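Comments concern the structure below.
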Amino acid sequence: MSEHEAGYRLNRTFELPFAPSNGTAVFSRDWEGMEDPLGYVLKDVTWDIDRKCFLAETVSEICDFPIAMIPLEICRFVDYGWTIGSYADQYSTVRKRGRKRRKFPTMTISDWDEEDTEAWNSDKNGRPKEFKTVWHAVVAMMAGLWNNCPVAYAMLKTGVHVEVPKEGFGDLSPLQTRFRDAIREYESLTFDQRCEWRDRVVGRYPRMSDLVEAIK
């Protein structure tokens, strides 16, 4: 996913003994599960007249993270009291499609090792059967958020994720060449074709929220 585009949203409610403002930093061991929490800096602080509360946004960035571990990282936030979704959802004027929640069998992936899963990004060998479901959920999440869709398209097309250096910065491996070509294929699509692809992916593959609920 791209850090410069819309990310996966979670939310929580808490009380403060004062009115917050942009730049207020909030720290809690219970929120992060560590002795020395990093904290969250609030931005876009707004008073919601309807709900009589302050609303704010914050960002938690995770870089160079194995794709297979993304659902587990979301689970970690949920375990620390965050809930999936956004306060903005209730104000959306976009008509939501009536997708039913999908019930998955228990996903026993909580013991996946980060070092092992790093290799699964670019190597199909050794992937457990649950990995395919996770992969599709991540692609669908990226597509639904319009977050780095060229890469999501290439992930679905090739079944892998590899870094592709910019033009002129080193030779590409056969796998990198395939991935780059898939990105270019997406970029050659018309706007309508991109929308059709996105709708198809979001409608066909599992939602991250349903997957997270199935993880044990």
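Here the structure is a predicted model, which is why all the values come from computation and not from measurement.
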Within a strict 4.5 Å, meaning less than it, do heavy atoms of the [X] and [Y] side chains meet?
X	Y	value
W146	C195	yes
D181	E185	no
H136	L156	yes
V41	T24	no
K124	F131	no
K43	V59	yes
N148	Y153	no

Mind checking the [atom1]-[atom2] spacing from [X] to [Y]? Nearest 0.5 Å is all I need.
X	Y	atom1	atom2	answer
D79	S110	CG	OG	10.0 Å
R198	R194	CZ	CZ	13.5 Å
I84	C75	CD1	SG	7.5 Å
M142	M208	CE	CE	10.5 Å
Y8	I74	OH	CD1	5.0 Å
D199	R204	CG	CZ	14.5 Å

Could you tell me whether D36 atom CG has more than 12 heavy atoms of other residues or ligands within 6.0 Å of it?
->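 No - once you tally the heavy atoms of other residues, nucleotides and ligands closer than 6.0 Å, there are 12 at most.
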
Please walk me through it: do K157 and F179 pass side chain to side chain contact (heavy atoms under 4.5 Å, CB included)?
-> CA-CA 8 Å; K157 185 88 173 181; F179 201 79; over 6 Å; no

Between [X] and [Y], which heavy-atom pair has the shortest distance, and what is it?
X	Y	result
H161	W135	N-CH2, 3.6 Å
L42	P20	CD1-CB, 4.1 Å
I109	E130	CG2-CB, 3.8 Å
T117	P66	OG1-CB, 3.3 Å
P71	L211	CG-CD2, 4.0 Å
V201	A143	CG1-CB, 4.1 Å

Should I67 and M155 be marked as a side chain to side chain contact (heavy atoms under 4.5 Å, CB included) after you check the CA-CA gap, both sets of side-chain angles, and the distance that decides it?
-> CA-CA 11 Å; I67 291 171; M155 288 169 57; 3.7 Å; yes

Can you list the steps and then say if L72 with M69 is a side chain to side chain contact (heavy atoms under 4.5 Å, CB included)?
-> CA-CA 5 Å; L72 292 175; M69 300 296 286; 3.8 Å; yes

Spell out, yes or no, whether L16 and F27 are grouped together once hydrophobic residues are joined by side-chain heavy atoms under 4.5 Å, including indirect joins.
->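 Each belongs to a different hydrophobic cluster.
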
Are the side chain of [X] and the backbone N or O of [Y] linked by a donor-acceptor pair below 3.5 Å?
X	Y	result
E196	Q193	no
Q176	E163	yes
N22	V45	yes

May I ask you to check if R127 and W120 form a cation-pi contact, with NZ or CZ under 6.0 angstrom from the six-membered ring centre and within 45° of the axis?
->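 Negative - R127 is either too far from the ring of W120 or too far off its axis.
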
Apply side chain to side chain contact (heavy atoms under 4.5 Å, CB included) to T46 and list each qualifying residue two or more places apart in sequence or on a separate chain.
->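 By the side chain to side chain contact (heavy atoms under 4.5 Å, CB included) rule, T46 matches no residue at all.
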
Name all residues meeting the side chain to side chain contact (heavy atoms under 4.5 Å, CB included) criterion together with T83; count only those two or more places apart in sequence or in a different chain, and write none if there are none.
->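 For T83 the side chain to side chain contact (heavy atoms under 4.5 Å, CB included) partners, ignoring immediate neighbours, are N11.
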
Taking atom types as modelled and ignoring hydrogens, do the side chains of E32 and Y80 form a donor-acceptor contact shorter than 3.5 angstrom?
->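 The answer is no; no qualifying pair exists.
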
Indicate the ring-plane relationship of W197 and Y186, choosing parallel, tilted or perpendicular according to the 30° and 60° boundaries.
->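 Ring orientation of W197 relative to Y186: perpendicular.
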
Parallel, tilted or perpendicular: ring planes of F77 versus W82, cut at 30 and 60 degrees =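 Because their plane-to-plane angle is over 60°, the rings of F77 and W82 count as perpendicular.
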
After noting the C-alpha distance and the side-chain angles of R207 and D210, does the key distance pass the salt bridge (charged side-chain N to carboxylate O under 4.0 Å, His left out) rule?
-> CA-CA 5 Å; R207 287 184 295 193; D210 294 341; 3.4 Å; yes

Would you check if the distance from the ring center of F14 to the ring center of W31 is below 6.0 Å?
->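 Yes, ring centres under 6.0 Å apart.
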
Under the side chain to side chain contact (heavy atoms under 4.5 Å, CB included) rule, what do W47 and K52 come out as? Steps first, then yes or no, please.
-> CA-CA 7 Å; W47 174 252; K52 296 179 174 57; 4.3 Å; yes

Thinking salt bridges, do E187 and R184 make one under a 4.0 Å N-O criterion?
->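 Salt bridge flag = no for R184 with E187.
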
Apply salt bridge (charged side-chain N to carboxylate O under 4.0 Å, His left out) to E57 and R9, showing your working.
-> CA-CA 10 Å; E57 294 191 355; R9 286 182 174 270; 3.4 Å; yes

